[in-house]
Amino acid sequence: MGTPSGSTARNNGCREQRMSCQAAGLQYAAGEINGRPVDAYTSEPGIDSSSSNETYIAARLYIDDPLWDEVPFYIRTGKRMKEKSTRIVIEFKEPFNDLHNLNRLNLDPNLLIIDIGPGEGIPLQLNTKNPRQHGQLEPVSIKHESANPDLPEAYENLIYDALLGDATFFAHWDEVELSWQWVQPIIEATADGTLPLHLYPAGSNGPAAADELLGGAHWWLDEPTSDAHNSITAVHAADSEAVRPGA
């Protein structure tokens, strides 16, 4: 996004952007988290066994801005995942071909990672030339971590801002309305069976359908898991015996 004219709620340019989206709706099945068995979403107390509610979403977004033309933003969030974390991973573009470093294809790209929670930190992973190995590229990691364990929770900050009347970090109605413009079609497509509802085991990183959004890339920092998620097939809301609109 372009540089906003200011950082206050009145002139925050982040609210003025537009997005397009491609997404996949998903729901967790039975699985295991930290060695403990977890029931499927439709087996949880108070949940209709025919519920088609999504518990996970993965999406590929594009911002309608010349500075971000054809730059994809991948997001995912869900319940009963392998780990509980909030982070932003920025993958830097590869430089022009460097004929003096033929091992560049064997390395991960340069990554800037912003860990928001539960632990706050900013790791930076860079590929640098080792002069002792004839300029061979090697990964180097640099990490900054917050040294203050008593930082306020996110909602504490929001409540404090509300008391001060500062709306900088609150969503503007235009932003909320825009979000629903691309969320609502996904909900409707899942309800009428156009978009299949994929299942993923509790305690996993999600199903293969989420990986397919990335094409030949992959979600960074995911630990290798078994192929169990590939054994759970997608079900369509149109199949009345599998998934129907419910709780």
Quiz item: Going by an N to O cut-off under 4.0 Å, is there a salt bridge joining E54 and K79?
Solution: no

Quiz item: Any sub-3.5 Å donor-acceptor pair from Q27's side-chain atoms to N53's backbone N or O?
Solution: yes

Self-check item: Student check: side-chain heavy atoms of Y74 and V89 closer than 4.5 Å
Solution: no

Quiz item: Between T128 and L137, is any pair of side-chain heavy atoms under 4.5 Å apart?
Solution: no

Exercise. For this output row, return yes or no: ring centroids of F73 and Y62 closer than 6.0 angstrom.
Key: no

Exercise. Begin with the C-alpha distance, continue with both residues' side-chain angles, and end with the deciding distance and a verdict on side chain to side chain contact (heavy atoms under 4.5 Å, CB included) for D115 and E120.
Key: CA-CA 5 Å; D115 287 319; E120 297 184 354; 5.9 Å; no

Quiz item: Does a donor on one side chain and an acceptor on the other come within less than 3.5 Å for Y28 and S204?
Solution: no

Practice problem: Given side chain to side chain contact (heavy atoms under 4.5 Å, CB included), test D161 with F170 step by step and report yes or no. | Solution: CA-CA 9 Å; D161 288 344; F170 288 82; 4.0 Å; yes

Practice problem: Before giving the answer on salt bridge (charged side-chain N to carboxylate O under 4.0 Å, His left out), spell out for E32 and R80 the whole-Å C-alpha distance, their side-chain angles and the decisive distance to 0.1 Å. | Solution: CA-CA 9 Å; E32 185 177 286; R80 302 293 195 185; over 6 Å; no

Exercise. Would you mind reporting whether I142 and P123 have side-chain heavy atoms less than 4.5 Å apart?
Key: no

Quiz item: With a 4.5 Å heavy-atom cut-off, do Y41 and I47 have their side chains touching?
Solution: yes

Practice problem: Of all the heavy-atom pairs spanning W180 and P185, show the shortest one and how long it is. | Solution: O-CD, 4.0 Å

Exercise. Assess whether side chain to side chain contact (heavy atoms under 4.5 Å, CB included) is satisfied between N127 and N110, documenting all intermediate values.
Key: CA-CA 6 Å; N127 295 319; N110 297 328; 3.6 Å; yes

Quiz prompt | Contact check, side chains of L111 and I90, non-hydrogen atoms, under 4.5 Å | solution = no

Practice problem: Compare every heavy atom of Q125 with every heavy atom of P109, then report the nearest pair and how far apart it is. | Solution: O-NE2, 3.7 Å

Exercise. Count the heavy atoms of every other residue, nucleotide or ligand shown that sit under 6.0 Å from OH of Y160, and state whether that count exceeds 12.
Key: no

Self-check item: Considering all heavy atoms, the nearest A202-I33 contact
Solution: C-CG1, 4.1 Å

Exercise. Give the C-alpha distance, both sets of side-chain angles, the deciding distance and a yes or no for side chain to side chain contact (heavy atoms under 4.5 Å, CB included) between I116 and I88.
Key: CA-CA 8 Å; I116 300 174; I88 300 170; 4.1 Å; yes

Practice problem: Identify the heavy atoms of N205 and R76 that sit nearest to each other, and give their distance. | Solution: O-NH1, 3.3 Å

